[in-house]
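Have a look at the structure below, then the notes.
Residue numbers begin at 1 in each chain, while the letters A, B, ... track the order of the sequences.
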2 protein chains.
Amino acid sequence: MPEQSPGSRPTLEAVAARAGVSRATASRVVNGGAGVRQPLADKVREAVEELGYVPNQAARSLVTRQSGAVAVIIAEPEFRIFSDPFFEQQVRGISRELTANDAQLVLLWVEGPGDYDRIARYLGGGHVDGALAFSLHDDDGLPALIRRAKVPAVFGGRPGAGAAAVPYVDCDNRGGARTAVRHLVGLGRERIAHIAGPRDQTSAIDRADGYRDVLFDADPALTAQGDFTEDSGARAMTELLERRPDLDAVFAANDLMAAGALRVLRARGRRVPDQVAVVGFDDMVTVAESARPSLTTVRQDIEGMGRLMVRLLTRVLSEGGDGRHVGAPASVIMPTELVRRASA
Amino acid sequence: MPEQSPGSRPTLEAVAARAGVSRATASRVVNGGAGVRQPLADKVREAVEELGYVPNQAARSLVTRQSGAVAVIIAEPEFRIFSDPFFEQQVRGISRELTANDAQLVLLWVEGPGDYDRIARYLGGGHVDGALAFSLHDDDGLPALIRRAKVPAVFGGRPGAGAAAVPYVDCDNRGGARTAVRHLVGLGRERIAHIAGPRDQTSAIDRADGYRDVLFDADPALTAQGDFTEDSGARAMTELLERRPDLDAVFAANDLMAAGALRVLRARGRRVPDQVAVVGFDDMVTVAESARPSLTTVRQDIEGMGRLMVRLLTRVLSEGGDGRHVGAPASVIMPTELVRRASA
DNA sequence: CGCCGCCGTGAGAGCGCTTTCATCCACTCA
DNA sequence: TGAGTGGATGAAAGCGCTCTCACGGCGGCG
């Protein structure tokens with residue numbers, strides 16, 4: 001069935017020969033066909049079809065100096081980053097958009113600072129055209145690493161203040177938090193508590209800022225610290241009830257902590273939302289919908305953020321050439337949306 | 001700081017010139033240095049160091065016809081495959097082993113049968129040296145797809161019976177199940193129930209087979225069907241208690257279902273393990289350790305399975321040349337281990 | 001002492017592609 | 001009618017690397 005000896009795929013040369021044109025023309029057609037007359041172009045396309053020609057990416061990369069691949073860098077200070085449903089959606093968005101652009105996704109798993117060298121070398125080696133990275137912690141060395149490697153990159157989530165200025169895509173954590181708190185205010189709540197996320201994650205910081213934007217004079221005792229886990233949410237809730245038994249609403253920095261809070265409120269016999277209204281953040285469907293009562297929360301388009309990361313990177317790539325033009329890279333903040341369910 | 005004009009990385013030519021040798025010799029050193037005399041080799045290595053030389057993979061691929069990359073194919077019939085902690089560990093193992101082999105991980109996300117064409121073309125295009133895939137369902141088209149693309153591949157998990165014969169890595173589901181059940185027998189239990197997983201997943205089938213290996217004459221009423229979710233485990237447990245209120249042990253096909261069963265047993269006032277002993281499968285730490293009582297279960301080395309997939313693929317690649325030699329590919333079954341905790 | 005063989009090295013071909021540059025043709029305009 | 005124009009095409013030069021092959025020098029053996 002193969003026209004060639006087994007193992008050897010047809011080359012552009014073969015296509016050109018079959019179509020009766022030069023390699024140059026065949027190449028032009030394969031790459032869009034600009035400047036080739038219709039009948040010739042058709043002949044070439046036909047030959048491509050018949051031979052089942054697929055361009056050799058290596059040869060192409062060699063001359064264009066573009067790999068057609070993008071690295072997705074996963075730093076994993078914590079254990080369970082990868083299996084975060086969040087992350088999954090984001091990577092899916094990235095994957096889809098990359099596919100739409102005929103680019104490949106190379107997964108780079110950073111196993112800690114000791115691994116930075118390897119990653120830097122790889123990135124610097126021109127194996128990928130750009131990188132997409134996720135920065136979760138303030139002290140993450142990733143932004144610096146990527147800057148050093150001089151690879152065009154886009155971050156998912158706003159890197160910490162200490163980090164180098166890099167373009168990123170994030171959702172409007174602060175604005176979303178404001179919406180959530182305003183919603184509670186609109187419900188007539190007057191003693192609105194906040195369960196904050198880890199102090200070293202920008203998303204948590206921004207959400208807390210949003211809370212304070214609306215309730216700038218809130219009693220500090222109305223804020224408790226959590227770490228984005230359900231248990232920490234429960235602990236924080238317990239603490240809050242002790243400090244301010246009169247609270248009538250809680251805005252938790254994520255759904256998991258909101259679920260923990262809900263558990264404690266139920267155990268203490270506080271009716272939700274009658275006595276205490278609860279709002280979460282993220283709209284993690286599995287958590288928010290199965291919570292009792294179902295959770296009012298702030299939704300973000302996570303897959304969309306992934307796609308946007310790719311688009312932004314694509315733009316940086318086409319603009320800056322090979323990373324030489326380091327103009328002010330525009331970051332993108334995506335809007336959020338309040339999803340009303342039963343808890344508030 | 002760069003010795004070249006910005007953007008142009010040093011070539012092997014430059015290294016050779018600096019070391020005062022020919023390109024051929026430089027190449028030999030870079031690729032292991034066999035057949036080059038010590039002093040010369042040292043000079044070359046020095047030049048590499050000084051210039052910060054990194055081989056151009058595209059050029060190398062062009063001549064060696066090897067990409068140095070391996071595709072990891074994720075078919076996602078269900079929604080949440082990727083965020084399965086299981087999967088995460090396996091991919092981590094793969095990533096680590098690939099890194100150790102200086103190979104890259106290209107992530108291919110299959111968006112359903114409509115996407116098969118694209119994947120087949122990609123795989124057939126010689127962009128990767130081999131593929132690692134995960135087959136979860138009996139009717140999965142992936143094995144056939146990969147066979148058609150003629151790419152050396154290794155599967156994670158035994159593909160269904162309908163699938164083409166492909167090498168795979170799996171844990172000893174059947175043997176692990178036997179161990180679990182024998183453990184219950186050893187505890188003196190006489191009416192041991194089984195909560196089975198989905199009928200179309202080979203792992204679930206094998207575990208059920210293991211149960212029957214030991215208890216070949218068990219009452220069919222002692223087996224209930226679940227789907228690997230916690231809720232299904234709870235439902236199955238309820239059913240079992242209705243059918244055989246006298247049961248004194250349960251072997252669930254995974255930890256999640258065991259947790260569901262535990263919940264129901266507690267609600268019904270059955271003491272675990274006194275009245276009913278429970279054993280799970282997988283040793284998903286977050287589930288098994290936080291269950292009340294903590295879960296006795298069967299552990300598998302998931303990361304190890306990932307690494308093994310890579311090793312197996314590497315072997316296939318080095319043996320079979322470019323997939324021409326399609327000898328009987330040996331699959332690997334990894335041992336399991338019973339982890340005793342409180343529930344049995 | 002001379003020949004053979006082997007090891008270490010360098011010259012150079014060529015992997016498959018893109019892209020410049022020259023060429024050629026069909027027109028248009030003076 | 002002939003020079004000028006511009007677009008379509010082909011020839012060929014590499015991109016950076018590996019690897020074959022030829023070559024030269026050296027040691028061992030007859």
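Here the C1' atom of nucleotide C:dC17 and the CD atom of A:Gln66 are 14 Å apart, to the nearest Å. With rounding to whole Å, B:Arg23 atom CZ is found 10 Å from D:dT18 atom P. In this entry the distance linking CG of B:Leu12 with P of C:dA11 reads 14 Å, nearest Å. Whole-Å rounding puts the A:Asn31 CG to C:dG16 P distance at 17 Å. Rounded to whole angstrom, the span from the CG atom of A:Leu51 across to the C1' atom of C:dG16 amounts to 15 Å. For the pair B:Leu62 CG and D:dT18 C1', the computed distance is 10 Å after rounding to whole Å.
Between the CG atom in A:Asp129 and the CG atom in A:Leu313 there is a gap of 8.5 Å [rounded to 0.5 Å]. Rounded to the nearest 0.5 Å, atoms CG (B:Asn101) and OG1 (B:Thr314) are 4.5 Å apart.
Using a cutoff of 4.0 Å between basic side-chain nitrogens and carboxylate oxygens, A:Glu88 and A:Arg92 are scored as salt-bridged. One finds a salt bridge joining B:Glu303 and B:Arg96 here, because a Lys/Arg side-chain nitrogen approaches an Asp/Glu carboxylate oxygen to under 4.0 Å.
Across all their heavy atoms, A:Leu108 and A:Ala71 have their closest contact at CD2-CB, 3.9 Å.
Note on B:Thr64: only backbone sugar-phosphate atoms sit closer than 4.0 angstrom, heavy atoms only; bases stay farther off.
Minimum atom distance to the side chain of A:Arg65 is reached by D:dC15, of the listed D:dC15, D:dT18, D:dA12. Here the nucleotide nearest the side chain of A:Val63, chosen from C:dG10, C:dT18, D:dT9, is C:dT18. Listed nucleotides: D:dT9, C:dG12, C:dT18. Nearest to the side chain of A:Leu40: D:dT9.
Phosphate contact (OP1/OP2 of D:dG10, side-chain N/O of A:Arg28, threshold under 4.0 Å): absent. Contact annotation: B:Ser27 reaches the phosphate of D:dT18 (side-chain N/O to OP1 or OP2, under 4.0 Å). The phosphate of C:dG10 has OP1 or OP2 within less than 4.0 Å of a side-chain N or O from B:Ser22.
Checked against the 6.0 Å centroid criterion, the rings of A:Phe155 and A:Phe134 do not qualify as a close aromatic pair.
Within 3.5 Å, no donor on the side chain of A:Arg37 pairs with an acceptor on the base of D:dT9, nor the reverse.
In B:Arg147, the CZ atom is not crowded: 12 or fewer heavy atoms of neighbouring residues, nucleotides or ligands sit closer than 6.0 Å.
Listed by residue number, the members of residues 53-61 of chain A with any heavy atom below 4.0 angstrom from DNA chain D form an empty set.
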